[in-house]
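Read the structure below first, then the notes.
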Amino acid sequence: MRRIQIYDTLSRESRLFVPITPPKVGLFVCGLTPYDEAHIGHGRTFVTFDVVARALRRWGYRVFYVQNVTNLDDRLIQRGGAEGTDPLLLAERHFAAWTGSMERLGVRSVNYYPFATDYVPEIVAQIQKLVEGSFAYPASGSVYYDVARFPAYGRLSGQKTEAQRPGTRVTPEAGKRAPEDFVLWKAATPGEPWWESPWGPGRPGWHIEDTAITVRLLGARYDLHGGGLDLKFPHHEAEIAQAEAATGESPLVNFWMHAGMLNLRGEKMSKSLGNVVRLAATIDEAGPEVLRFFYLNAHYRSPLDFVEGKSLPEAGEAFERWSAPYRRLTALLTRDGPDREGAELPESTVAEADDLVSRLDEVMANDFNTREAIALLFGWVRTLSVLPQPFETLSGTAMETLLSPYRWSEQVLGLPLIATGAGPSEELAASVRVALEARRRARERNDFAEADRIRDELKAAGIHVEDRGGTTHWELRRASE
RNA sequence: GCCAAGGUGGCAGAAUGGUUAAUGCGACGGACUGCAGAUCCGUUUCCUGGGGGUUCGAUUCCCUCCCUUGGCUCCA
């Protein structure tokens, strides 16, 4: 199979990817806690791992992609309490909105979204194992992980434990033996959702759901674990400690992948700074393709800076040019069908297309370098724009050849998004034809004022008109562009 | 303070131990156009944070300093 290099954040190096049981690949990505609207930083992470799954599937792997949903935690309880809503219902609601955004962004590779509260028996069982193995201890109705019992704790993040870190102040929590110990099971508080357990009524801590879910669904060891860089410590550190101690197997995952943060004007988005850019609204404004293009226009591990009023318009310009040949070819094929008659391409062009597709696979196999892939595709845009034969003269087969690098992109990058709408309606097309015919006559009699008036009017209706050579082309564009 | 990831042209953002350091956006000039747009051609001069070191050669490897971002038990 293809040689795939993936950067593993635990070993801090790029390594050859070899699945535990090929062609199967287990992929787990930390999902989110749906206590509020998703922002564009969340979007980046999930588009990243969508592309990872798409690429691996293209290369013949059978990827089982699991992404958990923390549908109960402190924030949900707090928010629910403030709104007078059941936290579980609140989570449900935000989850629905969030998957809606994901769908629009073309994130479709997740196989299963397990909810934390559907895995309480697994969670309790795992905690029990940890208690039995003396990796965890109960204290006043809660259960804590005894970090001192797991020497590898801190290897992923390079963090030292509190004990090794003199001079830091930590507010001690009742019952904890050491400040770095984390809660596995939280004793119930009146009015909050709770489950029965050997330690009394309570609910799961934050970290435990992931390992209870992955041990159940992906096994004690699996191939890939993804998430935002901000989860590296303590969350992923805790996952390793929990799973490896509970199963006795190591390593929990072969490759840790962390997506870089999306910064807003150089600083992290956060509620307290009031600089959160909402995902759904951004998709509305810029269009899902442009946002997805923006994300993939940087390497997934690099920090990416988002500047309002600049980043997306810029990405929009680039995407427009990048996808223009695709749109023109697709329109012709849609109109005439794949069997349309016309000229074939010279051998050299066919070979060039094939070669490009292999190079695309190559750059993607190098730690999913989407930016490099996009750059290569821009080279194809140039090739197409200097092609001696106009698209209109080509056969359906020839057009498919020209589209083949874009087909690769549809499959792997998820761009352009396969259109969900049917395109302009026949009714609209007819009225545009009438308007353009009027404009043509106006131009014929050199009445350019009238011709431009018609063009401006169409533009206001979102119809972009271009005179290319002797013919006039038009297409629908988003009003904001 | 500790840990981690980064610092590349006007901006965004790749790559590489070695001839001219991608690609995009923007700007400028030209071709085409009634104009615009799109496209093409050209320009945007000696762009890899500072300083050391290794090397025939470093932007790439090592050390150090500075700066930015993230994490240090809420984080995608």
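We name chains A, B, ... by the order of the sequence lines, and we start the count at 1 in each one.
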Can you check whether [X] has a side-chain N or O nearer than 4.0 Å to OP1 or OP2 of [N]?
X: A:W206; N: B:C75; value: yes
X: A:R321; N: B:G24; value: yes
X: A:R455; N: B:G34; value: no

Using the [atom1] atom as the reference point in each nucleotide, state the distance between [N] and [M] in Å, no decimals.
N: B:U8; M: B:A14; atom1: P; result: 11 Å
N: B:G51; M: B:A36; atom1: P; result: 48 Å
N: B:G9; M: B:G24; atom1: C1'; result: 13 Å
N: B:G30; M: B:C35; atom1: P; result: 13 Å
N: B:U55; M: B:A21; atom1: P; result: 25 Å
N: B:G18; M: B:A31; atom1: C1'; result: 39 Å
N: B:U19; M: B:G71; atom1: C1'; result: 43 Å
N: B:A12; M: B:G57; atom1: P; result: 34 Å

Using whole Å, what does the distance between atom [atom2] of nucleotide [N] and atom [atom1] of [X] come to?
X: A:L436; N: B:G37; atom1: CG; atom2: P; value: 18 Å
X: A:E237; N: B:G71; atom1: CD; atom2: P; value: 16 Å
X: A:Y145; N: B:U73; atom1: OH; atom2: P; value: 19 Å
X: A:E320; N: B:G26; atom1: CD; atom2: P; value: 11 Å
X: A:R12; N: B:G6; atom1: CZ; atom2: P; value: 11 Å
X: A:H235; N: B:C72; atom1: NE2; atom2: P; value: 13 Å
X: A:F378; N: B:U39; atom1: CZ; atom2: P; value: 10 Å
X: A:L262; N: B:C75; atom1: CG; atom2: C1'; value: 14 Å

Task: Presence of donor-acceptor pair under 3.5 Å, side chain of A:D73 and base of B:C74 - done: no
Open item on the list: Any donor-acceptor pair, under 3.5 Å, between the side chain of A:D452 and the base of B:G34, if you only look at N and O atoms?
Closed with: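 Yes, the side chain and the base share a sub-3.5 Å donor-acceptor pair.
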Looking only at side-chain atoms of [X], point me to the closest of [options].
X: A:Y7; options: B:C35, B:U39, B:A5; result: B:A5
X: A:R468; options: B:A38, B:G70, B:G34; result: B:A38
X: A:L231; options: B:A38, B:C75, B:C35; result: B:C75

With a non-hydrogen cut-off below 4.0 angstrom, is [X] in contact with a base, only sugar-phosphate, or nothing?
X: A:H464; answer: sugar-phosphate
X: A:F448; answer: base
X: A:G154; answer: nothing
X: A:A318; answer: sugar-phosphate
X: A:E317; answer: sugar-phosphate
X: A:L229; answer: nothing
X: A:R440; answer: nothing
X: A:N446; answer: nothing
X: A:G227; answer: sugar-phosphate

Examine the side chains of [X] and [Y] and answer whether a donor and an acceptor come within less than 3.5 Å of each other.
X: A:H473; Y: A:E475; value: no
X: A:Y153; Y: A:E180; value: no
X: A:H225; Y: A:D210; value: no
X: A:R75; Y: A:T33; value: yes
X: A:S323; Y: A:E289; value: no
X: A:Y300; Y: A:D367; value: yes
X: A:W408; Y: A:D361; value: yes

- [ ] Describe, in one word, how the ring planes of A:F115 and A:F95 are oriented to each other, choosing from parallel (under 30°), tilted (30 to 60°) and perpendicular (over 60°).
- [x]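 The rings of A:F115 and A:F95 stand perpendicular, inter-plane angle above 60°.
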Open item on the list: Between B:G71 and A:F233, is there a base-stacking contact, meaning the centre of the base's six-membered ring lies under 5.5 Å from the residue's ring centre while the planes stay under 30° apart?
Closed with: no
- [ ] Please round to the nearest 0.5 Å and tell me the distance separating atom CD of A:E209 and atom CG of A:N68.
- [x] 5.0 Å
Open item on the list: Quick check for you: to the nearest 0.5 Å, what is the distance between A:L402 atom CG and A:L387 atom CG?
Closed with: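 Going from the CG atom of A:L402 to the CG atom of A:L387 covers 6.0 Å.
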Task: Base versus backbone protein contacts along nucleotides 7-19 of chain B [heavy-atom cut-off under 4.0 Å; B, S, -] - done: ----SSSSS----
TODO: Give a yes/no verdict on a cation-pi contact between A:R15 and A:F255, requiring under 6.0 Å between NZ or CZ and the six-membered ring centre and an angle within 45° of the axis.
DONE: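 The answer is yes, since A:R15 meets both limits relative to A:F255.
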Task: A:R44 NZ/CZ over A:Y295 ring centroid, <6.0 Å and within 45° of normal - done: no
Open item on the list: Are A:F49 and A:Y65, when compared by the centres of their aromatic rings, separated by less than 6.0 Å?
Closed with: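 Ring centres of A:Y65 and A:F49 not closer than 6.0 Å.
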Task: Comparing A:R75 and A:G379 on RNA chain B - which has the more 5′ nearest nucleotide - done: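 Its nucleotide being nearer the 5' end, the pick is A:G379.
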Open item on the list: If you assign A:A451 and A:S157 each to the RNA chain B nucleotide with the nearest heavy atom, which residue ends up on the more 5' nucleotide?
Closed with: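 Result: A:S157.
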Task: Watson-Crick or G-U pairs under 3.5 Å in RNA chain B, rendered as dot-bracket with [ ] for crossing pairs and | for another strand - done: (((((((..(((.....[....)))((((((.......))))))....(((((..]....))))))))))))....
